[in-house]
Amino acid sequence: MPLLEIKNLRTFFRTKRGIVKAVNDVSYSLEPGKTLGIVGESGSGKSVSAMSILRLLDENGYIESGEIHFEDRELTKLSMDELYHIRGNAISVIFQEPMTSLNPVFTVERQLSEPFIIHQGMNKKQARENALKMLYDVQIPNPEAVIRQYPHQLSGGMRQRVMIAMALACRPKILIADEPTTALDVTIQAQILRLMNELQEEKGTSIIFITHDLGVINEMADDVAVMYCGQVVEKAGARIIFDDCRMSHPYTEGLMFSIPRIDSVHEKIEPIPGVVPHPLALPKGCKFAPRCKYCTRKCMEEEPALTDAGNGQLIRCFYPEKEVRRSAEHKKITVNQ
Ligand SMILES: Nc1ncnc2c1ncn2[C@@H]1O[C@H](COP(=O)(O)OP(=O)(O)OP(=O)(O)O)[C@@H](O)[C@H]1O
Ligand code: SF4
Ligand SMILES: [Mg+2]
C-alpha cells in the first residue's frame, strides 16, 4: 500500500491575466522506503505538485480539487495548523536554495535544535546533542565548530548538508527533495546524492526527488513520473523508463535524446525543439503537440488520457508504441515534419 497517494490534484494560481492551472489532474503515489523521481522541464508543475502536499503555496495559489492521502489522513482537508505539525515531523522538505529554509540570523545550533524542541518536546541540552548527531550523520567535517556558525559562514555544499540534517532531524517518513543539488558542483552533488541514499537505507525514509536531470533520476529513483504542462505524461518504474523499452511518451523520449549518457544506445544529442507553452495559452489537444515530431491532426484536436500500457506503465499519448510512431505509415499522417 502506498505511503502517500495523490489523486486527481488540481492546483491553480489566481493572476491578473487569468487562472494559471499549474497542476491539472495529477495523480501519483509513493511507496514506503522508495524514491519517486519527478522530472520535466522548467514550469511543468513539479514543485507545485509536491508543495501542494504541505500546502506550501504562494498566497495566490490554492488546491482547486483532488485528494492527498497520507497514512490515514486526507491532507487537503486539514487546517494549516494541523499541516504545520506534519511539516518537519512526518514530512520534510529540502529546497533547491538552502537559504530559503535557513535563517541567516540564527546559528546552525539554534535552527537544527528547533525541530527537536518543537516536535519532540526535548530540552535545549538534549536538542543540542541530537543536532550534533545529525551533523555527524550528514558527514559534516568538524560538527562542534559548524554548530556554532551562521549559515553565511558555510560553503554551499555545507549549507545543503545542514538543510538535509534539518529535514531529517525528526526522522520523517517522507522527504521531499526539490532540486536539492542543482546549485552545487558535480563532486558535491554526487556526495550529497550518495548521502541521501545511505540515509534512506538506514532510516527507511521515502523520498520524492524533483529534478530536470534524467541522469540524477536514473541514479536515485525507483519510480518515475514525467511531467509536462501541469500533467503527468508518463509514469513507470525507473527500469522501464531507462531500459529502452517498447513503449514511451514522445516527451520522455525527447528528454532521453537530449542528455549525454555513457550507457545510451543513442549516439546523438538532440534537444527537444520549441519551448514549453505559456500556462495561459496551452494548446487545445495534446499539450506536447506543437513540439512533437509524431504529432497528427488528431493530436491537435483531442487530448489523450493517461492510459495503462501494461507493466504498470502509464502513458498520455495516442501512439505510445515506438515502432508504430516511427513507421513510414505514421510519418504519412504527421504534421510537424
Ligand atoms: N505564484 C504563482 N503565480 C502564478 N503562477 C505560478 C505561481 N507559482 C508557480 N506558477 C506557475 O506554475 C507553473 C508550474 O510551476 P512549478 O514551479 O511547479 O514548475 P517546476 O516544474 O517546478 O519548474 P522548475 O524546474 O523551474 O522549478 C509554472 O507555469 C509557473 O509559472
Ligand atoms: S498524442 Fe500526439 S502530439 Fe501528443 S505526444 Fe502523442 S504523438 Fe505526440
Ligand atoms: Mg521547481
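We use all heavy atoms of the structure for the numbers below, so side chains are in, but hydrogens, waters and symmetry mates are not. All ligand and atom numbering here is 1-based and tracks the order in the structure. Counting begins at 1 with the first residue of the sequence.
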Looking only at protein heavy atoms, what sits closest to atom 12 (O) of ligand 1 is A22 CB, 3.1 Å
of all protein heavy atoms, closest to atom 22 (O) of ligand 1 is S47 OG, 2.8 Å
*Is M300 in contact with ligand 2, taking contact as a heavy-atom separation below 4.0 Å?*
no
- [ ] Dump the intermediate steps for side chain to side chain contact (heavy atoms under 4.5 Å, CB included) on L83 and D81, then the final yes or no.
- [x] CA-CA 5 Å; L83 279 176; D81 240 20; over 6 Å; no
For T15, the ligand 1 atoms with a heavy-atom partner under 4.0 Å come out as 4 (C)
Query raised in the report: Counting distance only, does the side-chain N/O of K46 pair as donor-acceptor with the main-chain N or O of E41 below 3.5 Å?
Result: yes
### Trace of the side chain to side chain contact (heavy atoms under 4.5 Å, CB included) decision for I174 with T205
CA-CA 6 Å; I174 298 176; T205 316; 5.9 Å; no
On the 0 to 90° scale, with breaks at 30° and 60°, tag the H249-Y251 ring pair as parallel, tilted or perpendicular. perpendicular
N336 (side chain) donor-acceptor with K293 (main chain) under 3.5 angstrom: no
Ranked by distance from atom 11 (C) of ligand 1, the top protein heavy atom is V20 CG1, 4.1 Å
Below 3.5 angstrom, do we get any N/O pair linking S44 and ligand 1? yes
Worksheet item: Is there a nitrogen or oxygen of V48 sitting under 3.5 Å from a nitrogen or oxygen of ligand 1?
Response: yes
When C229, P304, C292 are each screened for side-chain contact (heavy atoms from CB on, under 4.5 Å) with K287, the one that passes is C229
Expected output: side-chain R325 to main-chain P320 donor-acceptor under 3.5 Å | yes
protein heavy-atom neighbour closest to atom 4 (Fe) of ligand 2 works out as C286 SG, 2.3 Å
Judged by heavy atoms only, the candidate from E59, K46, H278 nearest atom 25 (O) of ligand 1 is K46
protein heavy-atom neighbour closest to atom 1 (S) of ligand 2 works out as F318 N, 3.5 Å
side-chain contact (heavy atoms from CB on, under 4.5 Å) with S49: of N24, V23, I6, only one passes, and it is V23
Here the atoms of ligand 2 under 4.0 Å from any heavy atom belonging to Y294 are 7 (S)
- Checking salt bridge (Lys or Arg N to Asp or Glu O under 4.0 Å) for the pair R246/E321: CA distance, chi angles, key distance, verdict? CA-CA 6 Å; R246 207 166 58 81; E321 217 164 319; 2.9 Å; yes
The closest protein heavy-atom partner of atom 2 (Fe) of ligand 2 is C299 SG, 2.3 Å
Checklist entry - Is there an N/O/S atom in S42 at a distance below 2.8 Å from the Mg ion (ligand 3)? => result no
Result for side-chain contact (heavy atoms from CB on, under 4.5 Å) between I68 and one of L75, L78, L54 points to L75
Residues V146 and M158: closest non-hydrogen pair is CG2-CE, 3.8 Å
Donor-acceptor pair, distance only, cut-off 3.5 Å: does the side chain of T107 make one with the backbone of Q149? no
Q.
If we ignore hydrogens and angles and just use 3.5 Å, is the side chain of N60 paired with the main-chain N or O of T15 as donor and acceptor?
A. no
Quick look: H249 vs ligand 2, heavy-atom contacts under 4.0 Å, and the answer is side chain
field: 4.0 Å heavy-atom contact, G61 with ligand 1
entry: no
Atom 6 (Fe) of ligand 2 has as its nearest protein heavy atom C317 SG, 2.3 Å
Here the atoms of ligand 1 under 4.0 Å from any heavy atom belonging to N60 are 1 (N), 2 (C), 3 (N), 4 (C)
A student checking ligand 2 against Y319 at a 4.0 Å heavy-atom cut-off should list atoms 7 (S)
Near D58 (heavy-atom distance under 4.0 Å), the atoms of ligand 1 are 1 (N), 2 (C), 8 (N)
Counting from 1 in the order shown, the ligand 1 atoms closer than 4.0 Å to a non-hydrogen atom of E179 are 25 (O)
In this structure, atom 8 (Fe) of ligand 2 is nearest to the protein heavy atom C292 SG, 2.4 Å
Ignoring hydrogens, tell whether any protein atom lies closer than 4.0 Å to atom 30 (C) of ligand 1; use the non-hydrogen atoms only. no
Among S42, G40, G43, A50, the residue with a heavy atom nearest to atom 28 (C) of ligand 1 is G43
If we number the atoms of ligand 1 from 1 as shown, the ones under 4.0 Å from a heavy atom of F13 are 1 (N), 2 (C), 3 (N), 4 (C), 5 (N), 6 (C), 7 (C), 8 (N), 9 (C), 10 (N)
Taking the ring centre of each residue, are Y294 and Y319 less than 6.0 Å apart?
no
